[in-house]
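Following this message is one structure expressed as structure tokens.
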Amino acid sequence: MTKGKSFSGAERNASQAVKTVKFYSRGRSDDESLQGEHVEAERLSKHDLKRISNNLLKTRITLPVFKYKDSIMEHLLSNQVTILIGETGSGKSTQLPQFLLEKLTAAHGNKRIAVTQPRRVAAINLATRVAQEYGCRVGDRVGYAVRFDNKTNSKTRLKYLTDGMLLREIMLDRNLSDYTCVIIDEAHERTILTDLILGFLKELIHGLRPDLKVVVMSATLQAEKFSAFFNDAPILFVEGRKYPVQRNYLKEPCDDVVDAIIRCCVQINQGEQLGDILCFMPGQEEIDKAVVVLNKISEHLGTSVPRLIALPLYAALPPSEQAKVFLPLKGFKRKVVFSTNLAETSVTISGVKFVVDSGLRKVKVWRHNLGLATLLTVPISKASASQRTGRAGRENPGKCYRLYREQDYQKLPMQTEPEIARSEITSPVLMLKKIGVQDIVNWSWLENPGKQAILLALQELYQLKALDDQGKITSKGQQMALLPLAPHLSCVLLQARDSGCLLPVIDIVSCLSVENLLLNPLPELRDEINEKRFSIATRGAKFGDLIMMKELYNAYVSLRSSAEKDEWCKDLCVSKRGFRNVVKVRSQLISYMEKLFNEKIDVSETGMDNDSFDVKSVIQCFLAGFMKNSAIGMPDRSFRTSTTGETISVHPSSMLFMDRSCPAILYTEYIFTTKGYARNVSRLELSWLQEIVGMSNVKISAR
DNA sequence: GAGCACTGC
């Protein structure tokens with residue numbers, strides 16, 4: 001097997017510039033592969049826990065990271081901020097926090113160590129594993145906190161949590177006085193929330209907490225950026241072990257991604273030893289097409305080569321379909337998984353020996369000046385290409401086929417643009433205001449989103465009455481920041497309380513904050529499923545998607561058994577996992593509202609009766625949060641946005657797609673793909689609009 | 001008259 005190419009320049013620089021601790025992991029890796037290793041710790045005795053811990057220790061001490069413990073700890077303890085670059089399999093996420101736990105809690109007995117993760121599963125899996133290694137139950141000395149699931153108690157000293165969760169804690173206690181050390185893991189992913197935490201920690205250690213220790217853990221490419229941000233904090237480089245992956249490029253660029261990927265898979269199948277193939281593609285459309293084509297072709301390839309089994313993988317796919325990609329195949333077969341970015345970080349498939357990379361991804365880019373989101377297919381970054389390639393070398397040496405030329409690869413940007421640079425930032429700005437930041441433009445941004453973006457966010461928050469005309473956070477803004485919702489939806493909820501229709505609005509807001517609740521039916525079932533949805537949501541048929549969600553929710557909770565619920569979900573092509581989440585979100589929102597206003601919400605009055613709420617009041621609550629998201633019907637039957645007069649169309653997924661009678665519409669999302677689409681659409685009467693918005697800034701032309 | 005990458009509280 002040919003050895004893979006050497007690291008890129010930036011990776012080498014990072015390792016040369018600093019003290020290098022190299023090791024080769026022989027144990028299991030420190031991330032997703034922990035799945036399925038859980039032991040029912042609750043049922044085990046102290047003796048059993050100790051025994052398991054001792055057994056695991058035998059594995060842990062064979063890890064060279066254990067051998068370098070003293071040297072790593074020396075750096076960590078003598079610096080306030082340390083950047084730790086650790087590759088996959090370096091054990092950094094499980095071992096380092098335990099080393100620190102030993103040292104720091106000896107000195108600060110009642111304080112905690114926080115380890116943040118961008119994803120819930122990672123936080124839960126890591127805490128579960130580390131508790132075993134430590135020899136305790138999860139939720140005792142070692143625990144975790146993610147939304148809907150808090151396994152910590154007063155004895156917890158090592159706490160794994162999602163970065164969203166830590167930000168909540170920051171908003172409630174801006175000194176983080178519970179903690180002696182904060183470890184930010186996977187910082188290179190540059191999620192908005194990770195960026196905010198880093199900026200916040202920088203201010204905190206230079207202000208009220210000069211004693212707080214900070215460790216930033218990241219993959220190679222961004223080390224210098226983090227180091228420079230924290231006043232040249234030392235970078236520690238811990239090498240993991242990856243198997244070599246041979247990289248192959250195209251000689252000529254291809255113009256049809258699906259065609260090129262299929263050819264490549266067939267070629268691999270004919271020339272290479274057994275091993276599964278993982279193909280990275282931009283989106284669902286290309287994936288579905290490739291699956292159909294490859295499954296058709298594989299029938300005609302003969303029996304001298306493995307039978308190709310094509311499988312799709314993307315987030316909108318039902319979990320039962322997603323599960324198929326993890327099942328090993330029996331017999332003379334080769335699995336070909338066509339995946340979105342999902343398989344780049346969130347999911348690991350074992351058995352993959354070959355990666356085919358289209359070099360493309362889909363990305364949602366917010367246009368501040370237009371006030372809309374666009375969904376674009378764009379080339380990936382070098383970092384992303386390297387991550388995708390690495391998926392072929394997790395268990396054995398592998399090969400990667402890049403469907404672009406080497407000179408095209410050289411032209412790719414080094415890193416993916418951080419999320420905060422291409423997103424709407426009303427929510428981050430409100431969080432900063434809540435924390436007490438006055439000057440948002442000059443705050444310690446890891447990546448400053450720009451003056452225009454910030455001013456537009458401030459303006460938006462002012463219109464939602466979260467800020468006063470001095471730019472100071474109002475008491476309404478304080479409440480909005482504490483609700484686990486986008487500011488617009490928080491505003492809707494607060495309006496609903498004032499209007500006396502909190503319960504139906506909470507149900508709808510809960511539906512809106514769960515992703516992929518309504519699944520896309522297969523084309524041949526579409527009309528049938530639509531009919532079923534219309535027959536259940538009789539008022540939604542007239543008033544649109546928000547009202548439909550309330551009716552679907554009512555229908556869902558009126559079913560008794562979970563078997564009935566599952567059947568119903570399947571029948572209407574809605575996500576059962578989604579609806580289970582709706583129920584959780586709903587009860588969380590109710591309890592948060594109770595806490596905010598120190599009052600008890602009487603849930604009994606929410607009946608199964610769809611007619612027990614007033615449609616006009618409910619939709620007017622949404623107008624309070626989405627004032628600018630309204631459009632007026634024109635004589636030619638198109639809609640024009642009331643803010644800019646742009647043409648906007650009702651999205652085909654909406655209940656109102658076929659409706660020709662709406663005088664005006666309200667929508668919660670405005671997204672540009674092939675043209676401007678309104679999603680989650682409600683019917684508006686012109687008089688409703690006038691009552692709420694007033695005549696001043698909306699031009700209304702009657703149909 | 002037609003479509004949607006991924007997270008988080």
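Given the structure is predicted, the values throughout are model-derived calculations rather than measurements. In the text below, chain A, chain B and the rest are named by the order of the sequence lines, each starting its count at 1.
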| Is A:Arg168 side chain donor-acceptor paired with the B:dG8 base, going by distance under 3.5 Å alone? |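 By the distance-only test, no, there is no pair.
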| said: Applying ring pair (Phe, Tyr, Trp, His ring centres under 6.0 Å), can you list everything that pairs with A:His188, at least two apart in sequence or on another chain? | reply: none
| note | Applied to residues 587-598 of chain A, the salt bridge (Lys or Arg N to Asp or Glu O under 4.0 Å) test, sequence neighbours excluded, yields A:Glu594-A:Lys600
| request: Quick one: list whatever passes salt bridge (charged side-chain N to carboxylate O under 4.0 Å, His left out) with A:Glu447, sequence neighbours left out. | output: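 So A:Glu447 forms a salt bridge (charged side-chain N to carboxylate O under 4.0 Å, His left out) with A:Arg190, A:Lys225.
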N/O donor-acceptor pairs under 3.5 Å from side chains in residues 282-291 of chain A, not counting sequence neighbours:
residue  : atom : partner  : partner atom : Å
A:Glu286 : OE1  : A:Gly283 : N            : 3.2
A:Asp288 : OD1  : A:Tyr314 : OH           : 2.9
A:Asp288 : OD2  : A:Tyr314 : OH           : 3.4

| Nucleotide of B:dA5, B:dC9, B:dT7 approaching A:Thr340 most closely (side-chain heavy atoms) | B:dA5
| request: Would you please confirm or rule out a distance under 4.0 Å between OP1 or OP2 of B:dC9 and any side-chain N or O of A:Thr162? | output: yes
| request: Tell me, please, which residues at least two apart from A:Arg120 pass side-chain contact (heavy atoms from CB on, under 4.5 Å). | output: A:Val146, A:Arg147, A:Phe148, A:Thr162
| query | Looking at A:Arg388, A:Lys362, A:Arg361, which one forms a side-chain hydrogen bond (donor to acceptor under 3.5 Å, both in side chains) with A:Asn341? | reply |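 Running side-chain hydrogen bond (donor to acceptor under 3.5 Å, both in side chains) over A:Arg388, A:Lys362, A:Arg361 with A:Asn341 returns exactly one hit, A:Arg388.
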| said: Looking at B:dA5, I'd like to know if its phosphate oxygens (OP1 or OP2) sit under 4.0 Å from a side-chain N or O belonging to A:Gln284. | reply: yes
| said: Please give me every residue in residues 373-381 of chain A whose heavy atoms get under 4.0 Å of an atom in DNA chain B, ordered by residue number. | reply: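 A:Leu375, in order of number.
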| So, is A:Thr674 close to the B:dG3 phosphate, meaning a side-chain N or O under 4.0 Å from OP1 or OP2? |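 Yes, such a contact exists.
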| task | Would you please name every residue forming a salt bridge (charged side-chain N to carboxylate O under 4.0 Å, His left out) with A:Lys324, sequence neighbours left out? | result |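 Expected list: A:Glu321.
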| message | A:Tyr677: which residues meet the ring pair (Phe, Tyr, Trp, His ring centres under 6.0 Å) condition with it, sequence neighbours left out? | response | A:His651
| request: For DNA chain B, find the residues of residues 479-491 of chain A with a heavy-atom distance under 4.0 Å and give them by number; none if there aren't any. | output: A:Pro484, A:Leu485
